[in-house]
Amino acid sequence: MRRRIESLHHGRPVPGLSPGVASGAGADLALVGRLLAGDETAFAEIVAAYSPLMLHIARGFVSNRASAEDVVQEAWLGVCRGLEAFEGRSSLRTWVLAITRNVGRRRGAVEAKELPWSQIDDDGNGAVDPARFRGPGDPWCGGWTEVGAPVPWSPEQLALDGEARRLVTRYLDELPDRQRTVVALCDVDGLGVDQVCEILGISPGNQRVLLHRGRARLRQLLEDYYGRGEVHP
Amino acid sequence: MSESALTCKEIVELVSDYLDGGLDERTARLVDEHLALCPGCDAYLDQMRQTLKVLGSVTPENLSESTRDGLLAAFRDIRPPQPKG
Ligand SMILES: [Zn+2]
């Protein structure tokens, strides 16, 4: 099962299910036709393909993973019951994601946990510990100190299939809610800025700040893990 | 260094937008100029690229098997197979 999900996400696109624009209105309508006819295989495929993304969206509105799973389940039931309403004006994926967002928002309001998406997430911290830069009075004020400057990671440290992915997966989970949601949607799921802003109801400026902070934090955590190296020329 | 040159401290706040092509032309050029001369910021940029690459390779979690099975059962209920023709 795990293998299959992976291939759906990273492998060749499944016709009509590929993220992005490749599917097209015709493919979407054909797929909806199969669903209307009670084609369970088609349903199983679309559930496997879209649910990870839906979980990321849902998690942006509710307080934990279990609630997010409930939201996605409810959204799929809404999709099943509402199929006749799909007219192909937007892509099927966009339609399903909007339903997920609406269910998530409702659930978040019930939990009284709705994230303040409209607020800018400015914790006042920079991307990097300020102690790593030269202070005022130094002719190179704002430049890296000798021990503060980043040192390139070695190729072994970056082996994609090994530790780095496991670490980033864990660190991503530990990010503040809004940062995690934006980073997951943009950098894991590959959604465009417009779509992320629309789904979450945030401005492009806010989206950029959240993305910047989340990415900076993940880089920092990786750097902490790998160590900064003892010597810097 | 010209008056408008950026410091390393400023560069790290711009790297995310820089990689997304979100900087205006002038600022992007200032970042380029800085990176060409600063190994520290160049390493930072490269680490950020690597971080994004790893993020892109993360396999997102899917629904639990029990939720998925429940959904398939619900689908059979809501949308029973229609006879062809
Ligand atoms: Zn620099």
Side-chain angles (χ1 to χ4, degrees), chain A residues 1-2 5-6 9-10 35-40 43-44 47-48 51-53 55-56 65 69 72-73 76-77 80-81 83 126-128 130 133 141-144 148-153 158 160 164-165 167-169 172 183-184 187-190 193 208 211-212 215-216 218-219 222-223 233, chain B residues 1 5-23 34 37-85:
Chain A
M1 190 60 213
R2 183 158 183 87
I5 291 164
E6 269 189 29
H9 189 74
H10 294 291
L35 295 173
L36 282 169
D39 183 337
E40 192 182 330
F43 185 65
V47 166
S51 292
L53 178 50
L55 282 167
H56 282 155
R65 173 67 172 72
E69 180 124 352
V72 173
Q73 185 175 30
W76 277 123
L77 293 175
C80 289
R81 295 199 183 95
L83 278 172
V128 170
F133 301 104
C141 173
W144 298 105
V151 179
W153 292 334
L158 295 168
L160 260 190
R165 187 190 296 170
L167 282 172
V168 165
T169 304
L172 180 63
V183 172
D187 292 339
V188 179
D189 301 319
V193 175
R208 276 169 47 194
L211 191 59
H212 161 61
R215 287 169 169 178
L218 291 175
R219 188 213 64 88
L222 280 177
E223 189 185 38
Chain B
M1 237 184 214
L6 296 165
T7 66
C8 303
K9 199 175 177 180
E10 290 166 330
I11 292 285
V12 298
E13 304 299 332
L14 297 173
V15 159
S16 175
D17 286 344
Y18 176 80
L19 287 172
D20 288 342
L23 296 178
H34 183 108
L37 298 170
C38 180
C41 287
D42 196 52
Y44 184 93
L45 176 77
D46 196 55
Q47 290 174 355
M48 187 59 88
R49 279 210 181 98
Q50 296 297 341
T51 304
L52 297 189
K53 201 164 148 193
V54 179
L55 270 171
S57 77
V58 164
T59 306
E61 248 187 308
N62 215 319
L63 292 174
S64 69
E65 226 161 288
S66 64
T67 302
R68 198 204 46 193
D69 292 347
L71 278 173
L72 293 183
F75 179 79
R76 285 193 290 272
D77 218 42
I78 299 169
R79 300 282 171 192
Q82 302 298 304
K84 283 188 185 144

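On a predicted model such as this, the values are computed, not experimentally measured, just so you know. Quick note on labels: first sequence line is chain A, next is B, and so on, each numbered from 1. These numbers come from the heavy atoms of this one structure, side chains and all, not from hydrogens, waters or symmetry mates.
Both the backbone and the side chain of A:L218 come within contact range of chain B, each with at least one heavy atom under 4.5 Å from a heavy atom of that chain. Contacts between A:L83 and chain B at a heavy-atom distance below 4.5 Å involve backbone atoms as well as side-chain atoms. For B:C38, the part lying under 4.5 angstrom from a heavy atom of chain A is the side chain only. Heavy atoms of A:V183 lying under 4.5 Å from chain B belong exclusively to its side chain. B:I78 touches chain A through its side chain: at least one heavy atom from C-beta onward sits under 4.5 Å away, while N, CA, C and O do not. With a threshold of 4.5 angstrom between heavy atoms, B:D42 does not approach chain A through any atom at all. Residue A:L167 does not touch chain B at all, counting heavy-atom pairs closer than 4.5 Å.
Here the side chain of A:E69 pairs a donor or acceptor atom with the backbone of B:S64 at under 3.5 angstrom. Within the 3.5 Å criterion, the main-chain N or O of A:A48 finds no donor-acceptor partner in the side chain of B:R68. Not one N or O on the side chain of B:Q82 forms a donor-acceptor pair closer than 3.5 Å with the backbone of A:D39.
Applying the ring pair (Phe, Tyr, Trp, His ring centres under 6.0 Å) test to residues at least two apart or on different chains, none of the pairs has a partner in residues 45-65 of chain B.
Taking all atoms of both residues into account, the shortest heavy-atom contact from A:C141 to B:T7 is O-CG2, 3.6 Å. Nearest heavy atoms, B:A43 versus A:P150: CB-O, 3.6 Å. When all heavy atoms of B:C41 and A:W144 are compared, the pair lying nearest together is SG-NE1, 3.2 Å. Annotation for B:G40 and A:A149: closest pair CA-CB, 4.3 Å, computed over non-hydrogen atoms. Smallest separation of non-hydrogen atoms from A:H56 and B:P60: CE1-CB, 3.7 Å. B:L55 and A:V188 get closest at one heavy-atom pair: O-CG2, 3.6 Å.
Looking at heavy atoms from C-beta onward, A:R208 lies in side-chain contact with B:D17 at the 4.5 angstrom threshold. Contact check for B:L71 versus A:L77: side-chain heavy atoms found under the 4.5 Å cut-off. In this structure the side chain of B:D20 reaches within 4.5 angstrom of the side chain of A:R215, judged on heavy atoms. Inter-residue side-chain proximity for A:V47 and B:F75 is flagged as unmet; no heavy-atom pair is nearer than 4.5 Å. In this structure the side chain of B:R79 never reaches within 4.5 angstrom of the side chain of A:L35, judged on heavy atoms.
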Pair A:E40, B:L72 - check side chain to side chain contact (heavy atoms under 4.5 Å, CB included), show working. CA-CA 7 Å; A:E40 192 182 330; B:L72 293 183; 3.7 Å; yes

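A search for side-chain contact (heavy atoms from CB on, under 4.5 Å) contacts involving A:H212 returns A:A127, B:E13, B:S16, not counting sequence neighbours.
Distance OG1/B:T59 to CZ/A:R165: 5.5 Å, rounded to 0.5 Å.
Using a 3.5 Å distance cut-off with no hydrogens or angles, the side chains of A:R219 and B:T51 do not pair a donor with an acceptor.
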